[in-house]
Chemist: 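Here's a structure for you.
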There are 2 protein chains.
Amino acid sequence: MDNIDRMLIGLLQDDATRSYAMLGKAVGLSSGAAHERVRKLRERGVIRRTTIDVDQEALGRAVTAYVLVDGNTWMGDSGDRLAAIPEVEEAHVIAGPASVLLKVRTSGPKELQDLLRQVFQVDGVTGTQTVVVLQTLFERTLK
Amino acid sequence: MDNIDRMLIGLLQDDATRSYAMLGKAVGLSSGAAHERVRKLRERGVIRRTTIDVDQEALGRAVTAYVLVDGNTWMGDSGDRLAAIPEVEEAHVIAGPASVLLKVRTSGPKELQDLLRQVFQVDGVTGTQTVVVLQTLFERTLK
DNA sequence: CAGCATTCTGTCGATATTGTCCACGACAAG
DNA sequence: CTTGTCGTGGACAATATCGACAGAATGCTG
């Protein structure tokens with residue numbers, strides 16, 4: 001995990017369609033060596049996968065919200081139940097004003113309400129507090 | 001934006017290294033037609049870019065936190081100032097208990113404190129409330 | 001510390017796969 | 001009929017992928 005690996009990761013985060021020849025030139029290695037390093041980064045799980053960044057609004061996901069979930073029991077094991085709700089993008093166990101924090105995306109307020117109804121059906125949930133996003137300033141990948 | 005486009009997006013979200021030949025077979029089109037559809041999805045901005053999903057902990061980003069930022073002025077224009085802080089992954093203007101919500105990742109508690117100090121230097125910021133993530137249940141891309 | 005084996009990391013070139021482009025046909029709408 | 005959209009299939013260039021080999025780093029042993 002040296003500096004060259006970090007450069008490669010940065011370059012691929014910007015644009016994963018870059019050729020190994022370009023990557024190699026950018027970091028001062030041959031195409032083969034760059035390929036080998038990236039292969040190992042994948043193998044080690046540092047690079048989880050190659051994916052695309054999609055404009056959610058273009059897919060009809062107009063409303064983004066964060067939901068603070070209160071529970072009367074340990075909720076670290078409710079991951080599967082929450083993952084079963086397709087609109088939930090992230091779920092974290094938190095230290096603070098609630099037990100779990102969700103990031104959700106729905107097509108509208110009505111669907112957000114439906115989603116909250118589903119959250120309440122998860123065992124142990126006693127309440128929710130929803131923070132609606134008015135405008136996203138940016139969402140990016142860290143270098 | 002028909003069903004085939006949505007299938008293509010789903011397939012590429014799972015694994016953007018798939019060949020156009022495979023994509024075409026999966027949706028019942030030729031390789032050329034699949035290529036053309038994906039090209040147009042990029043052109044229209046539905047697909048923003050091709051990128052890699054990186055294990056942040058492997059890069060030394062051990063602490064994830066959400067920061068609620070209070071301000072005494074309209075903060076919709078502070079995006080650039082917040083984007084200048086490299087540890088800030090997302091910034092949203094919200095309706096609710098604060099003005100702005102940040103998602104941040106740092107290597108440790110000390111660096112989180114340094115980050116909060118930087119947030120306070122942004123014009124109009126009057127206070128922050130930080131929610132630390134104890135465990136991430138999942139972070140995924142929506143279909 | 002020298003000598004030696006082992007492992008890791010790199011270069012280079014061959015080859016198969018893939019992306020990319022173009023000419024053409026089918027089809028629906030005006 | 002004309003026009004525009006969307007598909008097919010094939011040709012070509014670019015690229016990924018793999019193997020053989022060389023050098024540096026590492027670690028063990030006497």
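By convention in this document, chain letters (A, B, ...) are assigned in the order of the sequence lines, proteins followed by strands, and residues within each chain are numbered from 1. Because the structure is a prediction, the values reported are computed rather than measured.
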Chemist: Can you tell me which nucleotide in D:dT15, C:dT20, D:dT8 comes closest to the side chain of B:Ala33?
Modeler: D:dT8
Chemist: Verify the cluster assignment for B:Val132 and B:Leu116: are they in a single hydrophobic cluster under the rule of side-chain heavy atoms below 4.5 Å apart?
Modeler: yes
Chemist: Atom CD of A:Glu36 and atom C1' of C:dC12: how far apart are they, to the nearest Å?
Modeler: 15 Å
Chemist: Between B:Asp2 (CG) and C:dA28 (C1'), how many Å, whole number?
Modeler: 16 Å
Chemist: Can you tell me the distance, in whole Å, between the CG atom of A:Asp15 and the C1' atom of C:dG19?
Modeler: 14 Å
Chemist: Taking only N and O in the side chain of B:Lys40, is any of them less than 4.0 Å away from OP1 or OP2 of D:dC6?
Modeler: yes
Chemist: Before accepting this row, confirm whether a basic side-chain N of the pair B:Asp5/B:Arg44 lies closer than 4.0 Å to the acidic partner's carboxylate O.
Modeler: yes
Chemist: Between P on D:dT15 and OH on B:Tyr20, what's the gap in Å once rounded to a whole number?
Modeler: 14 Å
Chemist: Can you measure A:Asp5 atom CG to C:dG10 atom C1' for me and round it to whole angstrom units?
Modeler: 14 Å
Chemist: With a 4.0 Å limit, can you tell me whether A:His35 has a side-chain N or O closer than that to the phosphate oxygens OP1/OP2 of D:dA16?
Modeler: no
Chemist: Give the rounded distance in Å between these two atoms: CZ of A:Arg42 and P of D:dA16.
Modeler: 11 Å
Chemist: Respond yes when some side-chain nitrogen or oxygen of B:Arg18 is under 4.0 Å from OP1 or OP2 of C:dT18, and no when none is.
Modeler: no
Chemist: Side chain of B:Leu29: nearest nucleotide among D:dT8, D:dA16, C:dG10?
Modeler: D:dT8
Chemist: Would you kindly give the NZ-to-C1' distance between A:Lys25 and D:dA14, to the nearest whole Å?
Modeler: 13 Å
Chemist: For B:Arg39 and C:dT18, what is the distance between atoms CZ and P respectively, to the nearest whole Å?
Modeler: 22 Å
Chemist: Would you say that more than 12 heavy atoms from the other residues, nucleotides or ligands in this model lie under 6.0 Å from the CD of A:Glu139, or not?
Modeler: yes
Chemist: Compare the minimum distances between each of C:dG10, C:dG19, D:dT15 and the side chain of A:Arg37, then state the nucleotide with the smallest one.
Modeler: C:dG10
Chemist: So, B:Arg49 side chain and A:Ile52 main chain: donor-acceptor pair closer than 3.5 Å or not?
Modeler: no
Chemist: State whether A:Lys40 and A:Glu43 are salt-bridged, where the test is any N-O pair (Lys NZ or Arg NE/NH1/NH2 against Asp/Glu carboxylate O) under 4.0 Å.
Modeler: no
